[in-house]
Amino acid sequence: MTPTDNLFWDYIAPILETQKAEKGVKYVKMSDGNGMDRLLEDSVSEDVYPGIFVLRPKYTTKYVESHILMVNFNTVFYVWCYPDKNDRESQDSAYTHAENIVATIINKLQHDERVCKNFLDFDSIQVEPVLYVSVDSAYGYEVKMKLGLVANHILC
């Protein structure tokens, strides 16, 4: 068992997957540690927009109050949307859709923090509009945050 695959991804993937039904997301994947390569490869053979692409996280461990083993994941993910047309209105609409998806995810993480399913450092959240240029141009947001998860079942 690993903190990344069996803690982080097992926790965050279902939250991201719910965006398929709620916000029309078609693609949810985690990187292989080599940046955006998997997204680029997948975009050749499948529809990846709107999509959520999570970078494999860097993490630190923390011992809390003599019994909790915590892993703090430096989480970075992208929400990409493809505009209907190549005009300003469509680009703005793509950014708005992506930001709406991001806000829904943050809201869920914050609610889970209140019931101790995670230990989200709310002050660490950074949301920045970005443009992804590859074969297509996609518009969206880069999201960075520290997400703490209890790891006693993995590290003890």
* In the single-linkage hydrophobic clustering (I, L, V, M, F, W, Y; side-chain heavy atoms under 4.5 Å), do M70 and F122 co-cluster? -> no
* To do: For the pair H97 (side chain) and K23 (backbone), establish whether a donor and an acceptor sit closer than 3.5 Å, ignoring hydrogens and angles.
  => yes
* With sequence neighbours left out, what residues match F119 under ring-ring contact (aromatic ring centres under 6.0 Å, His included)? -> none
* **Spacing of CG belonging to L147 relative to CG belonging to N72, to within rounding of 0.5 Å** => 8.5 Å
* Check: L109 main-chain N/O paired with N118 side-chain donor or acceptor under 3.5 Å -> yes
* Heavy-atom neighbours of K146 NZ exceed 12 at 6.0 Å -> no
* Heavy atoms from other residues, nucleotides or ligands near CD of E89 exceed 12 (cutoff 6.0 Å) -> no
* Asked: Given side chains that start at C-beta, do those of K144 and E128 come closer than 4.5 Å, heavy atoms only?
  -> no
* Rounded to the nearest 0.5 Å, how far apart are CD1 of I105 and CD of E22? -> 9.5 Å
* Asked: Taking the side chain as C-beta and beyond, is there a heavy-atom pair between M30 and P57 under 4.5 Å?
  -> yes
* Structure fact -> So OG of S93 and OH of Y139: to nearest 0.5 Å the spacing works out to 12.0 Å
* Asked: Got a sec: does the NZ of K58 have more than 12 other heavy atoms crowding it under 6.0 Å?
  -> no
* Asked: Within a strict 4.5 Å, meaning less than it, do heavy atoms of the N152 and I68 side chains meet?
  -> yes
* **Separation of I15 CD1 from I52 CD1 (nearest 0.5 Å)** => 10.5 Å
* Give a yes or no on whether V150 and I154 share a hydrophobic cluster (residues Ile, Leu, Val, Met, Phe, Trp, Tyr; joining criterion: side-chain heavy atoms under 4.5 Å apart). => no
* Salt bridge check: are R38 and E41 linked by an N-O gap of less than 4.0 Å? -> no
* Calculate, to the nearest 0.5 Å, the distance between atoms CD1 and CD1 belonging to I125 and I106 respectively. => 4.5 Å
* When rounded to the nearest 0.5 angstrom, what is the spacing between CG in L120 and CD in Q110? -> 6.0 Å
* Should the pair F73 and F8 be assigned to parallel (<30°), tilted (30 to 60°) or perpendicular (>60°) ring geometry? -> tilted
* Structure fact -> Shortest non-hydrogen pair, L149 vs K117, comes out as CD2-O, 3.7 Å
* Using a 4.5 Å cut-off on heavy atoms from C-beta on, say whether the side chain of S137 contacts that of L131. => yes
* Any T104 side-chain heavy atom under 4.5 Å of K108 side chain -> no
* Would you say N86 has more than 12 foreign heavy atoms packed within less than 6.0 Å of its CG? -> no
* Do V64 and L7 sit in the same hydrophobic cluster, where Ile, Leu, Val, Met, Phe, Trp and Tyr count as joined when their side-chain heavy atoms come under 4.5 Å apart? -> no
* Steps toward side chain to side chain contact (heavy atoms under 4.5 Å, CB included) verdict (V54, W9) -> CA-CA 9 Å; V54 181; W9 192 245; 3.8 Å; yes
* **Check: R56 main-chain N/O paired with S31 side-chain donor or acceptor under 3.5 Å** => yes
* For W80, which of Y132, F53, Y95 qualifies under ring-ring contact (aromatic ring centres under 6.0 Å, His included)? -> Y132
* To do: Provide the closest heavy-atom pair for C81 versus A94 in the form atom of the first, atom of the second, distance.
  => CB-O, 3.6 Å
* Which atom of V25 lies closest to which atom of V28, heavy atoms considered -> CG1-CG2, 3.9 Å
* Asked: Any link between V115 and I12 through a network of hydrophobic side chains (Ile, Leu, Val, Met, Phe, Trp, Tyr) touching at under 4.5 Å?
  -> no
* **Residue pair I101 / Y141, side-chain heavy-atom distance below 4.5 Å** => no
* Structure fact -> Sequence neighbours excluded, the answer for salt bridge (Lys or Arg N to Asp or Glu O under 4.0 Å) partners of D84 is none
* To do: Look at the side chain of N100 and the backbone N and O of T96, then say whether any donor-acceptor pair between them is shorter than 3.5 Å.
  => no
